[in-house]
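See below for the structure under consideration.
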Amino acid sequence: MVPLDSLISDNLLSPFELKLPAATLPKIERAVKLCSDLRENPAYQKQLKTQLEEKGITAHNHRSIMMSYDFHADMEGNLKLIEVNTNASFLILGTHLYETENIKPVPLRNPLADLKSAIEQELNSMGINTTKPRIAIVDEKPEQQRLYIEFVVAKALFESWGWTAAIKDSSEVNPADYDFIYNRDTDFFLENTQLANLRSAAQNGKPVVSPHPAEYFYLAAKERLVEWSSPELRNLIPNFSWTELDQFLLKSEILNLENRERLWTERKKIFFKPVHAFGAKSSFRGATISRGTYEGMLNNETLAQEFFPAPEANFKHQETDIKMKFDLRCYAYRDRLQMVIARLYQGQVTNLRTTLGGFSCVNFTP
């Protein structure tokens, strides 16, 4: 068996512990609850139904088991939602990192026990009643993924619960062999022809596919960040806590011919990211972008998001002071927070390439 240590990429784990004021935590929990409440609102689902049907997606009663809300949080505890990720990495490894550092994960519950409960709840919601579910962990060429170690650890975790688990290429998995498919493929709508079997399973609702394309559409597609601030949606759902949600939202719009000149003028206050990409691919701070690159963005759907700079924290390493930017990855299932972890980095975007950067435990202190 390959030693697990050999599967850990350089700069994946930071040696530093991030300390934040305890008052930040209830704000995170409230932001997660508001986003979940909006997703569950019948009027919200009805508003998106036509768009889902146009994409050929059938929504089922699925929720994502390991998703995250990613925030920037300043040292005063003010939070801004950067994006939502329905198949976020590192929940399982993050739990082990907390154990290694002897820090209590937040909130005060066991994230792995919560994960087990979440999978069981998802199975039950689709009428799959079994005490020994068959689980497939899938991704494109999984052994080549930088976080392949997490797939190995997830497989071992599921097997420790008495379940059957396998790691499969997402284009080769046979859904009929499984009760639950934990999908890490970044083709979020499963549109690639090689994923036809996986897409068919998601359409049928059995086995459970998590995250489901509909769940990505409801919460994580970047267009939602625009719609959540739109007067049209707010008029449809007048009784929602919009004012409260606004404190966590950044002004966002889609770059187009009509707003091109205005957004170019305002570019220093904007962060640009492609609508249909993930992570930090082809993302640019407006203050550093060239006119040519900017014009090229018109050929692809691009989100223009209010720039809220990543906060910085000071650390000491071998008597040297080091300044790191950070964001917060806040894992949740439905409306309950499972764990918070930080990603420390230097440069323009979160990269997991910074020396001494990477995932870090968060210690919420008075």
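Keep in mind that the numbers below use all heavy atoms, side chains included, and drop hydrogens, waters and symmetry copies.
Listed for the H62 side chain is no donor-acceptor partner under 3.5 Å among the backbone atoms of S210. Side-chain atoms of R267 come within 3.5 Å of backbone N or O of W264 as a donor-acceptor pair. Checking side-chain atoms of E301 against main-chain N and O of I254 turns up no donor-acceptor pair under 3.5 Å. Judged by distance alone, with hydrogens and angles left aside, the side-chain atoms of W242 form a donor-acceptor pair with the main-chain N or O of I237 at under 3.5 Å. For the pair N110 (side chain) and L112 (backbone), a donor-acceptor distance under 3.5 Å is present.
The aromatic rings of F307 and F271 lie parallel to each other, with less than 30° between the two planes, well short of the 60° mark. Using cut-offs of 30° and 60° on the angle between ring planes, the pair W161 and F158 is tilted. Ring pair H317/F16 is perpendicular by interplanar angle, where above 60° counts as perpendicular and below 30° as parallel.
Salt-bridge check for R199 with E191: failed, with every basic side-chain N at 4.0 Å or more from each acidic carboxylate O. Salt bridge K80/E306: absent, no basic N to carboxylate O contact under 4.0 Å. Looking at E261 and R291, a side-chain N of the basic residue comes within less than 4.0 Å of a carboxylate O on the acidic one, giving a salt bridge. Using a cut-off of 4.0 Å between Lys/Arg side-chain N and Asp/Glu carboxylate O, E29 and K33 are scored as not salt-bridged. Ion pair E266/R262 flagged as a salt bridge, since at least one NZ, NE, NH1 or NH2 atom sits closer than 4.0 Å to an Asp/Glu carboxylate oxygen. Residues K168 and D177 are not paired through a salt bridge, judged by the lack of any N-O separation under 4.0 Å between the basic side chain and the carboxylate.
Taking the six-membered ring for Trp and the full ring otherwise, Y294 and F272 have centroids separated by under 6.0 Å.
Between M66 and L91, the shortest heavy-atom distance links the atoms CG-CD2, 3.4 Å. Closest heavy-atom contact between N183 and P211: O-CD, 3.1 Å. Across all their heavy atoms, W163 and K132 have their closest contact at CD1-CA, 4.1 Å. Y69 approaches S36 most closely through the heavy-atom pair OH-N, 4.1 Å. Of all heavy-atom pairs between Q305 and S252, the closest is CG-OG, 3.5 Å.
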Checklist entry - Yes or no on side-chain hydrogen bond (donor to acceptor under 3.5 Å, both in side chains) for Y333 and E122, after CA distance, side-chain angles and deciding distance? => result CA-CA 11 Å; Y333 173 66; E122 289 301 297; 2.5 Å; yes
